[in-house]
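Presented below is the structure to which this report refers.
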Amino acid sequence: MDITLNGEPRAIAAMTTVSQLLAQEGLGERRVAVEVNGEIIPRSRHGEHALAMGDRIEIVHALGGG
């Protein structure tokens, strides 16, 4: 199915969860914020939130500093 990831078209498997998408992008262990269609998806729901055709996903990396 087709989605938009950070402004770029992307084809992914049907029923892919946010957690699976993060793993595919090499971000599974990183601290990121995920927004799907304008709604922030809490980390506790990443494993259960299945993406749908046409979803617009934004992934923002948390940066640390000091």
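Below, each value reflects all heavy atoms present in this structure, side chains not excepted, and no hydrogens, waters or symmetry copies. Heads up: numbering here begins at 1 and tracks the sequence.
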**Q.** Interatomic distance, L22 atom CG to H46 atom NE2 [nearest 0.5 angstrom]
**A.**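 The NE2 atom of H46 is 6.0 Å from CG of L22, to the nearest 0.5 Å.
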Q: Is it possible for you to say whether I12 and M15 belong to one hydrophobic cluster, with membership spreading through side-chain heavy-atom contacts below 4.5 Å?
A: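 Not linked; separate clusters.
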Q | Any pair counted as salt bridge (Lys or Arg N to Asp or Glu O under 4.0 Å), so long as it reaches residues 9-26, sequence neighbours left out | A |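 Every pair satisfying salt bridge (Lys or Arg N to Asp or Glu O under 4.0 Å) with a residue in residues 9-26: R10-E25.
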N/O donor to acceptor pairs below 3.5 angstrom from side-chain atoms of residues 32-43, sequence neighbours left out:
| from | atom 1 | to | atom 2 | distance (Å) |
| --- | --- | --- | --- | --- |
| N37 | OD1 | R56 | N | 2.8 |
| N37 | ND2 | D55 | OD1 | 2.8 |

Q. What residues, two or more places apart in sequence or in another chain, satisfy side-chain contact (heavy atoms from CB on, under 4.5 Å) together with E48?
A.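 Testing E48 for side-chain contact (heavy atoms from CB on, under 4.5 Å), a comparison that skips the adjacent residues, returns R45.
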Q. Does any non-hydrogen side-chain atom of L51 lie less than 4.5 Å from one of M1?
A.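 Touching, per the 4.5 Å side-chain cut-off.
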Q. Is any side-chain heavy atom of H61 closer than 4.5 Å to a side-chain heavy atom of L27?
A.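 Yes, at least one pair of side-chain atoms sits under 4.5 Å.
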Q.
How close do S19 and G47 get, counting heavy atoms only, and between which atoms?
A.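 Closest pair (atom of S19, atom of G47, distance): OG-N, 3.2 Å.
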I'd like a table of donor-acceptor pairs (distance under 3.5 Å, sequence neighbours excluded) in which one partner is a side-chain atom from residues 2-9, with atom names and distances.
| from | atom 1 | to | atom 2 | distance (Å) |
| --- | --- | --- | --- | --- |
| N6 | OD1 | I59 | N | 2.7 |
| N6 | ND2 | I59 | O | 3.4 |

